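In what follows, a single structure is set out as C-alpha cells and then discussed.
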Amino acid sequence: DKRWSLHGMTALVTGGSRGIGHAIVEELAEFGAAVHICSRNQEEINKCLEEWKSKGFNVTGSVCDVLSRDQRENLMEIVASTFHGKLNILVNNAGKATPKNIIDHTANDISTIMGTNFESGYHLCQLAHPLLKASGIGSIVFISSIAGLTALPLTSVYAASKGAMNQFTRNLALEWAKDNIRANAVAPGLVKTLLLENMMKSAAANEAVAAMKSHTPVSRVGEPKEISSLVAFLCLPAASYITGQVITADGGFTI
Ligand code: NDP
C-alpha cells in the first residue's frame, strides 16, 4: 500500500547522529526513504553511516552546524546534489537547551538558542523550498517541545524558540499548501537522550524533571522510538490531510 510507504522518497534529518534524530532516521529508512543527516561531528556521523549501511539503510551524511547560515547553505547544496534536486521530507530536529532562570540567560544564550532551534529551521525551509516543490509531495516536520505549549521551569528562551516554531509551522502550512508541501510539528515531553541527561546535571533542572515525571500519567520518560513513529506517520502519504498541526507525544503530561 503506497499510503504506508516512503519508498522512492528522500529525506533530510538535522541532528541525526543521536537521540530523537537518530531514531527518526531509522524509522524513515525502514519505511523505505533515502535519508541525509547532519550534525557537528564527522566521526559520529561516520559511525552512524557504517551502522546503517550494515542494516541495509540508504543513509548519507555531512557536517553542518545548523547555527551557521553558510553551513546551512552548503548543506542544502549537498542535499540537492545527493538527491538530484528533489527532497520529499525535511525534519528540523537539531536543538539545544540550557536550563537557566530568566535573569541568568546571557545575550549569547538567547541568540544561540533562538538561532539553533528556530532560525535554523526557518532558513532550512527557505533553502529546501525549491527541492520540496520539485519532489511533488513535500512534508516538513519540526521537533518542537511541550515547553513551547506550557510554561515549564528554567526553559524561557528554549520555550520561546519552540513557540515560534509552532506558529511558523502553521504559517508554512498555509503558504506552501499550493506547492503540495505539508508542515507539522511534534512536541515531545521528556525523552531519554543525551540532551535530557545533560540538563539533569543541574540540580534545579533535576528537581523540575522529577516533578514532571510524577505528573505524567504514564509515569515514565519516553524513548526516542516513541517520537520517531509519530514523525514517520506525519511524513507518510497516509497523513496527506494533516497539516499545520502541533502534535504532542508526552505520556499525557499536558492533559
Ligand atoms: P540530543 O542531544 O540527544 O541529540 C541532538 C542531535 O542534534 C545530535 O545528533 C547532535 O549532534 C545534533 N546537533 C545539536 N546541535 C547541533 C547543531 N548546532 N547543528 C547540527 N546538529 C546539531 O538531543 P535530543 O535528541 O534530545 O533532541 C532532539 C530535538 O528534540 C531537539 O530539538 C530538542 O529540543 C527536542 N526535544 C527533546 C526532548 C527531550 O526530552 N530529550 C523533549 C522535547 C523536545 P552534535 O552535537 O554532534 O552536533
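Since the model is a prediction, treat every value here as computed from it, not as a measurement.
Proximity of a side-chain donor or acceptor of T216 to a complementary backbone N or O of S219 within less than 3.5 Å is not detected. Proximity of a side-chain donor or acceptor of T248 to a complementary backbone N or O of D250 within less than 3.5 Å is not detected. The closest donor-acceptor contact from the side chain of T193 to the backbone of P224 lies at 3.5 Å or more, if one exists at all. In this structure, N93 contributes its side chain and V13 its backbone to no donor-acceptor pair below 3.5 Å. A donor-acceptor pair under 3.5 Å is absent between the side-chain atoms of R182 and the main chain of I137, judged by distance alone. With hydrogens and angles disregarded, a donor-acceptor distance shorter than 3.5 Å links the side chain of N41 to the backbone of E43. Distance alone, capped at 3.5 Å, is enough to place a donor-acceptor pair between the N184 side chain and the G244 backbone. One N or O on the side chain of Q245 and one on the backbone of T243 form a donor-acceptor pair closer than 3.5 Å.
In this structure, the separation between OH on Y158 and OG on S145 is 4.0 Å, given to the nearest 0.5 Å. In this structure, the separation between CG on D109 and OG on S156 is 9.5 Å, given to the nearest 0.5 Å. The NZ atom of K96 lies 12.5 Å from the OG atom of S120; values are rounded to the nearest 0.5 Å. Atom CG of L154 and atom NE2 of H105 lie 8.5 Å apart (nearest 0.5 Å). With values rounded to the nearest 0.5 angstrom, M199 atom CE is found 8.0 Å from T155 atom OG1. Atom CZ of residue F168 and atom OH of residue Y122 lie 5.0 Å apart, to the nearest 0.5 angstrom.
Taking each heavy atom of N166 and A185 in turn, the nearest pair found is OD1-CB, 4.1 Å. Taking every heavy atom of both residues into account, I24 and I143 meet most closely at CD1-CD1, 3.8 Å. Residues P237 and S5 share a closest heavy-atom pair of CD-O, 3.5 Å. Nearest heavy atom pair, residue S139 against residue C235, reads OG-CA, 3.7 Å. Residue N117 comes nearest to G95 through the heavy atom pair OD1-CA, 3.2 Å, listed as atom of the first residue, atom of the second, then distance. Nearest heavy-atom pair, M9 versus N88, reported as atom, atom and distance to 0.1 Å: CA-OD1, 3.2 Å.
Both L6 and W52 are assigned to one and the same hydrophobic cluster, defined by single-linkage of ILVMFWY side chains at heavy-atom distances under 4.5 Å. The hydrophobic clustering, which links ILVMFWY residues whose side-chain heavy atoms are closer than 4.5 Å, places L230 and I89 together. Taken together through direct or relayed side-chain contacts under 4.5 Å among Ile, Leu, Val, Met, Phe, Trp and Tyr, F31 and L234 form part of one hydrophobic cluster. If you chain together hydrophobic residues whose side chains sit under 4.5 Å apart, V141 and M165 never meet in one group. Residues L28 and L49 share a single hydrophobic cluster, defined by chaining ILVMFWY side chains whose heavy atoms lie under 4.5 Å apart.
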Determine, stepwise, if the pair V91 / V231 fulfils side-chain contact (heavy atoms from CB on, under 4.5 Å). CA-CA 8 Å; V91 182; V231 174; 4.2 Å; yes
Could you walk me through whether F142 and V186 pass the side-chain contact (heavy atoms from CB on, under 4.5 Å) check? CA-CA 6 Å; F142 286 91; V186 167; over 6 Å; no
Worked verdict on K133 versus N180 for side-chain contact (heavy atoms from CB on, under 4.5 Å): CA-CA 7 Å; K133 198 175 162 178; N180 207 24; over 6 Å; no
Derivation of the side-chain contact (heavy atoms from CB on, under 4.5 Å) call for L87 and S135: CA-CA 6 Å; L87 185 68; S135 76; 5.7 Å; no
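For CD of E207, the number of neighbouring non-hydrogen atoms (other residues, nucleotides, ligands) closer than 6.0 Å is 12 at most. For E175, the CD atom is loosely surrounded, since the number of other residues' heavy atoms within 6.0 Å does not exceed 12. Residue K2 qualifies as open at atom NZ: its count of foreign heavy atoms under 6.0 Å is 12 or below. Summarising the local packing, CZ of F233 is surrounded by more than 12 heavy atoms from other residues, nucleotides or ligands at distances under 6.0 Å. Atom CD1 of I102 has 12 or fewer heavy atoms from other residues, nucleotides or ligands within 6.0 Å.
Between N46 and Q42, the side chains place a donor N or O and an acceptor N or O closer than 3.5 Å (distance only, hydrogens not considered). Judged purely by distance below 3.5 Å, without hydrogens or angles, the side chains of S17 and H22 never pair a donor atom with an acceptor atom. With hydrogens and angles left out, the side-chain atoms of T14 and N92 include no donor and acceptor closer than 3.5 Å.
Under 4.0 Å is where a charged nitrogen must lie from a carboxylate oxygen, and between K55 and E26 at least one such pair does. Between K225 and E27 there is a salt bridge, with a side-chain nitrogen of the basic residue lying less than 4.0 Å from a carboxylate oxygen of the acidic one.
Contact check for C64 versus N74: no side-chain heavy atoms found under the 4.5 Å cut-off. Between V191 and L196 the shortest side-chain heavy-atom distance does not fall below 4.5 Å. Inter-residue side-chain proximity for V35 and N58 is flagged as unmet; no heavy-atom pair is nearer than 4.5 Å. Residues L172 and C125 are in side-chain contact: their nearest non-hydrogen atoms beyond the backbone lie under 4.5 Å apart. With a 4.5 Å cut-off on side-chain heavy atoms, L12 and L75 count as touching. The shortest distance between side-chain heavy atoms of F57 and E30 falls below 4.5 Å. Contact of the L190 side chain with the V209 side chain is registered, since non-hydrogen atoms from C-beta on lie closer than 4.5 Å. Side-chain contact between K213 and R220: absent, with no pair of heavy atoms (C-beta onward) separated by less than 4.5 Å.
Tested against R72 for a side chain to side chain contact (heavy atoms under 4.5 Å, CB included), the candidates D65, L124, L67 yield a single pass: L124.
In this structure, W176 and H129 have tilted ring planes: the angle between them lies in the 30° to 60° band.
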